[in-house]
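Contents: one structure, followed by commentary.
Count residues from 1 along the sequence. All values derive from a computational prediction rather than experimental measurement.
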Amino acid sequence: MKYFDYAATTPPYPEVIRSMAEIMEKHFGNPSSLHQYGEEADRLVRHAKEVTAQLLGVKPNEIIWTSGATESNNFALKGAAMRGGRTRGHIITTSIEHPSVYECCRQLEQIGFEISYIDPAPDGIILLEDIQNALRADTIIVSMMHVNNETGAVQPVQQVSEWLKKVQPRTLMHVDGVQGFGKLPVELAKWNIDLYSLSAHKIRGPKGTGLLYIKQGTELFPLLAGGGQENGYRSGTENVAGIVGMTKALRLAATEQYALAERLTAFSQLLKTEIQAIDGLVLTNPAIASPHIIHFYYPGMKSEVILHSLEQQGCIVSTQSACSSRKAEPSRILVAMGITREHAASGIRISLGDQHTKQDIEHLITALRQTVTQLRPLERRTR
């Protein structure tokens with residue numbers, strides 16, 4: 001089977017697996033303990049922060065370890081909204097965010113916060129002027145993803161943040177960076193980002209580990225009360241093996257980024273050209289897109305049918321965000337882009353990684369052609 005669902009999760013680097021196995025076997029101490037085993041574990045956690053901070057161009061004390069980007073996103077939004085005991089205020093986000101941001105905002109809405117959900121242009125990219133028009137004096141935070149996890153559209157996070165800090169510097173800027181790191185340049189200090197979320201398993205690291213960058217001086221209400229670990233921001237015994245594994249994955253991803261981007265851009269262009277040449281498929285083609293995500297839809301055909309047909313031919317793809325794919329609903333992202341609900345129910349995401357070869361891409365192209373040929377008699381055209 002050929003795996004083309006790297007945006008959902010990735011196979012861990014062998015080096016990550018070996019490092020984590022060694023940590024679990026030899027360095028299982030609690031980092032909060034005062035004895036030798038605890039000191040060894042604490043040194044590993046602190047060293048991981050130093051390496052990670054260097055990779056992100058920030059300070060070690062600005063890195064907070066979490067269980068993944070879902071926790072990081074919730075912490076950024078709820079922590080900002082509820083700091084100082086606040087129960088009211090305004091938040092700007094977009095209608096195309098990952099569920100860990102979108103549903104978090106829905107929760108905050110239920111308890112009294114006002115949320116502006118900005119729709120994208122038809123190509124899936126948010127316009128700066130729409131953010132500008134939504135900003136209010138009581139806006140607490142603006143939250144945007146760097147790369148859309150379904151269409152690959154690159155969002156103008158740098159442009160938005162630079163503008164925001166000029167006109168209203170007290171409003172926080174949060175970026176969900178899960179699909180961007182390791183594929184696109186990231187300069188948190190230069191962009192003046194306050195909060196930035198990452199997840200290890202999207203960059204060939206372990207599941208269950210993530211981080212939140214919190215710019216020095218930013219105040220958040222802690223979601224978890226307890227022993228006061230992570231500078232009091234995130235109580236709970238640190239996942240030492242996961243933290244070390246994530247740090248190694250971050251380092252490897254950063255090292256390989258430029259060479260990988262060049263390869264994936266070539267593969268992406270080849271796939272897009274072939275998809276556009278297949279009668280019946282409609283390419284979702286943002287003006288600016290990350291090279292690792294290619295999206296199309298097949299009007300008249302349910303996405304699950306396309307997915308399973310490709311799977312029978314040895315190709316694993318996905319329908320939408322893995323967190324939403326089991327819901328019997330059209331893609332919220334595509335609907336927000338103005339695509340009809342019926343067409344939005346026929347979307348397919350292909351996401352690439354460093355292990356793919358040109359032969360893998362050619363195999364996928366052949367499978368796509370065969371799938372359309374086999375399914376064409378079943379089409380229910382509405383065009």
Side-chain angles (χ1 to χ4, degrees), residues 4 6-7 92-98 101-102 116-135 142-164 173-187 190-191 193 202 257-258 260-278 281-299 317-318 320-321 330-340 343-344 346-352 361 368:
F4 296 101
Y6 272 61
I92 298 174
T93 189
T94 83
S95 57
I96 58 171
E97 296 301 308
H98 185 272
V101 167
Y102 187 82
S116 293
Y117 299 94
I118 307 301
D119 288 332
D123 69 347
I125 296 177
I126 300 295
L127 300 179
L128 171 61
E129 62 189 63
D130 290 334
I131 301 289
Q132 292 172 329
N133 292 336
L135 186 68
V142 175
S143 180
M144 292 178 67
M145 53 175 32
H146 188 187
V147 175
N148 185 265
N149 54 299
E150 195 165 325
T151 67
V154 178
Q155 304 303 327
V157 292
Q158 178 183 359
Q159 190 181 14
V160 170
S161 184
E162 290 176 347
W163 164 79
L164 180 65
M173 180 70 191
H174 168 244
V175 173
D176 176 351
V178 167
Q179 296 293 345
F181 185 87
K183 288 88 176 176
L184 302 172
V186 175
E187 298 181 274
K190 180 181 177 182
W191 297 355
I193 302 296
K202 306 293 189 177
Q257 174 180 314
Y258 294 102
L260 177 62
E262 187 176 349
R263 286 180 57 231
L264 294 188
T265 297
F267 292 163
S268 176
Q269 288 301 323
L270 177 59
L271 275 167
K272 288 179 179 180
T273 298
E274 293 295 333
I275 288 169
Q276 287 176 308
I278 298 174
L281 302 188
V282 181
L283 182 68
T284 308
N285 200 13
I288 307 174
S290 178
H292 74 297
I293 296 178
I294 301 94
H295 186 277
F296 68 88
Y297 56 99
Y298 185 177
V317 298
S318 65
Q320 47 184 300
S321 164
S331 163
R332 167 172 53 84
I333 310 304
L334 299 185
V335 171
M337 291 165 57
I339 296 171
T340 66
H343 289 183
S346 67
I348 291 291
R349 179 185 69 186
I350 298 165
S351 47
L352 308 176
I361 304 304
L368 282 168

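The closest side-chain donor-acceptor pair between Thr94 and Glu97 falls under 3.5 angstrom.
Among all heavy-atom pairs drawn from Leu283 and Phe296, the shortest one is CA-CB, 4.1 Å. Asp123 and Met337 make their closest contact through C-CE, 3.9 Å (heavy atoms, listed as atom of the first residue, atom of the second, distance). Shortest non-hydrogen contact noted between Val147 and Gly152 is CG1-O, 3.7 Å. Of all heavy-atom pairs between His343 and Pro299, the closest is NE2-CB, 3.5 Å. Summarising the geometry of Ser95 relative to Pro120, their closest heavy-atom pair is OG-CD, 3.7 Å, with the distance given to 0.1 Å. Residues Ala344 and Ile339 approach most closely at N-CG2, 3.8 Å, considering heavy atoms.
Distance alone, capped at 3.5 Å, is enough to place a donor-acceptor pair between the Lys202 side chain and the Ala7 backbone. At distances below 3.5 Å, at least one donor-acceptor pair connects side-chain atoms of Gln155 with backbone N or O atoms of Gly124.
Rounding to the nearest 0.5 Å gives a distance of 8.5 Å between OG1 of Thr265 and CG of Leu260. Rounding to the nearest 0.5 Å places CG of Asp130 at 9.0 Å from CD of Gln132. With rounding to the nearest 0.5 Å, the separation of CD1 in Ile275 from CD1 in Ile350 is 4.5 Å. Summarising the geometry, atom CD belonging to Gln269 is positioned 12.5 Å from atom CD1 belonging to Ile361; distances are rounded to the nearest 0.5 Å. Rounded to the nearest 0.5 Å, atoms OG (Ser318) and NE2 (His295) are 8.0 Å apart. Rounded to the nearest 0.5 angstrom, Ile193 CD1 and Glu187 CD are separated by 11.0 Å.
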request  = Begin with the C-alpha distance, continue with both residues' side-chain angles, and end with the deciding distance and a verdict on side chain to side chain contact (heavy atoms under 4.5 Å, CB included) for His146 and Val186.
outcome  = CA-CA 9 Å; His146 188 187; Val186 175; 4.2 Å; yes
inquiry  = I'd like to know whether Ile126 forms a side chain to side chain contact (heavy atoms under 4.5 Å, CB included) with Ile96, so could you lay out the CA-CA distance, the side-chain angles of the two residues, the decisive distance to 0.1 Å, and finally the verdict.
reply    = CA-CA 9 Å; Ile126 300 295; Ile96 58 171; 4.1 Å; yes
Trace of the side chain to side chain contact (heavy atoms under 4.5 Å, CB included) decision for Val175 with Met145 = CA-CA 5 Å; Val175 173; Met145 53 175 32; over 6 Å; no
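Each of Val154, Asn149, Asn148, Leu184 was scored for a side chain to side chain contact (heavy atoms under 4.5 Å, CB included) with Gln179, with one residue passing: Asn149.
Atom CG of Leu128 is surrounded by more than 12 heavy atoms from other residues, nucleotides or ligands within 6.0 Å.
The shortest side-chain heavy-atom distance between Val178 and His98 does not fall under the 4.5 Å cut-off. At a threshold of 4.5 Å between non-hydrogen side-chain atoms, the residues Arg332 and Val335 do not count as touching. For the pair Ile118/Met144, no side-chain contact is recorded, criterion being any heavy-atom separation below 4.5 Å from C-beta on. In this structure the side chain of Leu352 reaches within 4.5 angstrom of the side chain of Leu271, judged on heavy atoms. Looking only at side-chain heavy atoms (C-beta outward), Gln257 and Pro185 come within less than 4.5 Å of each other. Within the 4.5 Å cutoff, side-chain heavy atoms of Leu334 are placed close to those of Thr151. Contact check for Ile348 versus Leu281: no side-chain heavy atoms found under the 4.5 Å cut-off. The shortest side-chain heavy-atom distance between Leu264 and Tyr6 does not fall under the 4.5 Å cut-off.
The aromatic rings of Tyr117 and Tyr102 are tilted relative to each other, their planes meeting at an angle between 30° and 60°.
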